[in-house]
Amino acid sequence: MSEPASPRPTALEWEQQSQPSLWVIPAPRQRWWLYGLFFVLTMFSTTVVGARMEFYFLHQQPVFSLNDDSLSLFPIGWIVQHPAKLLLGLPFSLTLMFILFAHEMGHYLYARHYRVYATLPFFVPFPSLIGTLGAFIRIKSPIPSRAALFDIGIAGPIAGFIPACAALLVGISLSHPIAGSTASEIQLGFPLAFHLAARLLHIRVPLSVLSLHPIAAAAWVGMFATALNLLPGGQLDGGHIVFSISPRLHRWISMFTVFALVPLGKYLWTGWFLWAVMLALTLRHPRVPRYPDVSGRRRVLAICAALMLVLTFTPAPFTHSSGRDVWPEIRDGSRDTLHDLRDGVRHLLHRR
């Protein structure tokens, strides 16, 4: 813990003290019920989405399909009508929640190891394609050294990457080709780890024509989250690792990452624009005492972190969603909206 800001004692008090005073700040009380509530809500939202995935998988359809109008993106009405269908979502939700939990607990346990106060993992439910926006912890006290920063920063990606790899091997082995010529509106791009796993398991068909088992889909989400966190910039896990090794290089590498994401957003996936903005807003890293610094085995682990980024990074996580592909649709949609608005105003003026 950092030294608290305490009032300075007077000269008389100094004379009366035979030994230095020890100031202790108790850690704030954790709101266990709040973390538990959001964990349950996220477990529910990911299970609902997982039930939809399992339904499509059993019918040999793409698990991220949006072509079927019978099931919505977040089919809560379908679950209410058929509550037993919720059990179908457990393979996806349990796998994904375990990967996210392992990642955050890696950070949390190493923070506790270095006596750094951190909150429990906070899960964020969201009715989306994967049912969540992920999880995070908040560190609320200074980190004592660069070595501690490195250990806390890299522990999460390692702890999440290991179960993601296990889920990948299990999920890919259970996947099967899509029936007929059915194509999904959402086509995934796959990281290098998926291609290596397919070769290891002697999968003879391209990954793009596989109906991923929900466990494999959870592995894809987990690896995508790992790659995002390992981006070398700002205050992401990758940024913490870079800063712990060289604070001087941190700002330059962060700026390079921001500039590199812009063309990726234009030509591969528009989501990189958002991450470029987020990194640009968090370029400045809080100061951390230098000693003990990063050396020896930690530098070897830094190479491992770079290898994990290479294995999990997907330049185009969703195909046909680059800035060049999306911008014409946004432009045409905006023109149609303005045209409709103009017609509506003219109609109101004509009535008057």
**Asked** Is the CZ atom of R112 crowded by more than 12 outside heavy atoms at less than 6.0 Å?
**Response** no
**Item:** Point-to-point distance, once rounded to the nearest 0.5 Å, from CG of L94 to CD1 of I99
**Value:** 11.0 Å
**Message:** With a 3.5 Å distance limit and no angle check, can you tell me whether S254 reaches the backbone of G234 through a side-chain donor-acceptor pair?
**Reply:** yes
**Prompt:** Quick one: are F44 and I76 in side-chain contact, heavy atoms under 4.5 Å?
**Reply:** yes
**Asked** Does W220 have its ring centroid less than 6.0 Å away from the ring centroid of F224?
**Response** yes
**Request:** Using only heavy-atom distances, determine whether the side chains of D151 and H113 contain a donor-acceptor pair under 3.5 Å.
**Result:** no
**Message:** If you count every heavy atom of other residues, nucleotides or ligands that lies below 6.0 Å from F101 atom CZ, does the total exceed 12?
**Reply:** no
**Message:** Minimum heavy-atom separation for F98 and P163, please, with both atom names.
**Reply:** CE2-CB, 3.7 Å
**Asked** In Å, rounded to the nearest 0.5 Å, how long is the span from CZ of R199 to CD1 of I172?
**Response** 14.0 Å
**Item:** Side-chain donor-acceptor pair present, R31, Y35, cut-off under 3.5 Å
**Value:** no
**Message:** With heavy-atom distances below 4.5 Å as the criterion, would you say the side chains of F161 and L311 are in contact?
**Reply:** yes
**Request:** Apply the test side chain to side chain contact (heavy atoms under 4.5 Å, CB included) to residues N229 and H103: give CA-CA distance (whole Å), side-chain angles for both, the deciding distance (0.1 Å), then the verdict.
**Result:** CA-CA 10 Å; N229 278 283; H103 181 113; 4.1 Å; yes
**Interatomic distance, L201 atom CG to L169 atom CG [nearest 0.5 angstrom]** = 5.5 Å
**Side-chain donor/acceptor of S141 to backbone N/O of V116, under 3.5 Å** = no
**Asked** Hey, mind stepping through I178 and L210 against side chain to side chain contact (heavy atoms under 4.5 Å, CB included) and telling me if it holds?
**Response** CA-CA 5 Å; I178 298 172; L210 276 183; 5.9 Å; no
**Prompt:** Got a second to check how far M97's CE is from M43's CE, nearest 0.5 Å?
**Reply:** 6.5 Å
**Asked** How long is the gap from OG1 on T46 to CD1 on I130, to the nearest 0.5 Å?
**Response** 9.5 Å
**Message:** Hydrophobic clusters here meaning ILVMFWY residues chained together by side-chain heavy-atom distances under 4.5 Å, can you tell me if L307 and I158 are in one?
**Reply:** yes
**Item:** Q61 backbone acceptor or donor facing H59 side chain under 3.5 Å
**Value:** no
**Complete:** Here the pair of heavy atoms bringing A164 nearest to A219 is O-CB, 3.6 Å
**Prompt:** Is any side-chain heavy atom of R146 less than 4.5 Å from a side-chain heavy atom of S246?
**Reply:** no
**Asked** Could you walk me through whether W275 and M278 pass the side chain to side chain contact (heavy atoms under 4.5 Å, CB included) check?
**Response** CA-CA 5 Å; W275 283 93; M278 292 177 58; 4.2 Å; yes
**Message:** Could you report the tightest heavy-atom contact between L149 and H240, atom names first, then the distance?
**Reply:** CD2-O, 3.7 Å
**Prompt:** Sub-3.5 Å donor-acceptor pair from the side chain of E54 to the main-chain atoms of L86, do we have one?
**Reply:** no
**Item:** R251 atom CZ: more than 12 heavy-atom contacts under 6.0 Å
**Value:** no
**Message:** Would a single hydrophobic cluster contain both V124 and V48, if residues Ile, Leu, Val, Met, Phe, Trp and Tyr are joined by side-chain heavy-atom contacts under 4.5 Å?
**Reply:** yes
**Request:** Please tell me if the side chains of T314 and L192 come closer than 4.5 Å, counting only heavy atoms from C-beta onward.
**Result:** no
**Message:** Testing the basics here: between K140 and T119, what is the closest heavy-atom pair and its distance to 0.1 Å?
**Reply:** CE-CG2, 3.8 Å
**Message:** When you compare the side chain of I241 with that of P232, does any pair of heavy atoms fall below 4.5 Å?
**Reply:** no
**Request:** With the side chain counted from C-beta on, respond yes when L188 and L212 share a heavy-atom pair under 4.5 Å apart, and no when they do not.
**Result:** yes
**Prompt:** How close do H250 and G239 get, heavy atom to heavy atom, and via which atoms?
**Reply:** CD2-O, 3.2 Å
**Message:** With a 3.5 Å distance limit and no angle check, can you tell me whether R52 reaches the backbone of S72 through a side-chain donor-acceptor pair?
**Reply:** yes
**Asked** When the aromatic ring centroids of F313 and W272 are compared, is their separation below 6.0 Å?
**Response** yes
**Request:** Can you establish whether the number of heavy atoms outside Y108 located under 6.0 Å from its atom OH is more than 12?
**Result:** yes
**Asked** Under 4.5 Å between any side-chain heavy atoms of T47 and L90, yes or no?
**Response** yes
**Asked** How many angstroms lie between CE in M223 and CG in L168, if you round to the nearest 0.5 Å?
**Response** 4.5 Å
**Message:** Checking F122 against F136 for the ring pair (Phe, Tyr, Trp, His ring centres under 6.0 Å) test, could you report, in this order, the C-alpha distance in whole Å, the side-chain angles of both residues, the deciding distance, and whether it holds?
**Reply:** CA-CA 5 Å; F122 194 91; F136 64 92; 5.5 Å; yes
**Item:** Validation row: I152, I139 side chains within 4.5 angstrom (heavy atoms)
**Value:** yes
**Complete:** In terms of heavy-atom contacts, S45 and P125 come closest through OG-CB, 3.7 Å
**Message:** One pair to check against side chain to side chain contact (heavy atoms under 4.5 Å, CB included): F64 and Y56. What are the steps and the verdict?
**Reply:** CA-CA 8 Å; F64 288 105; Y56 284 138; over 6 Å; no
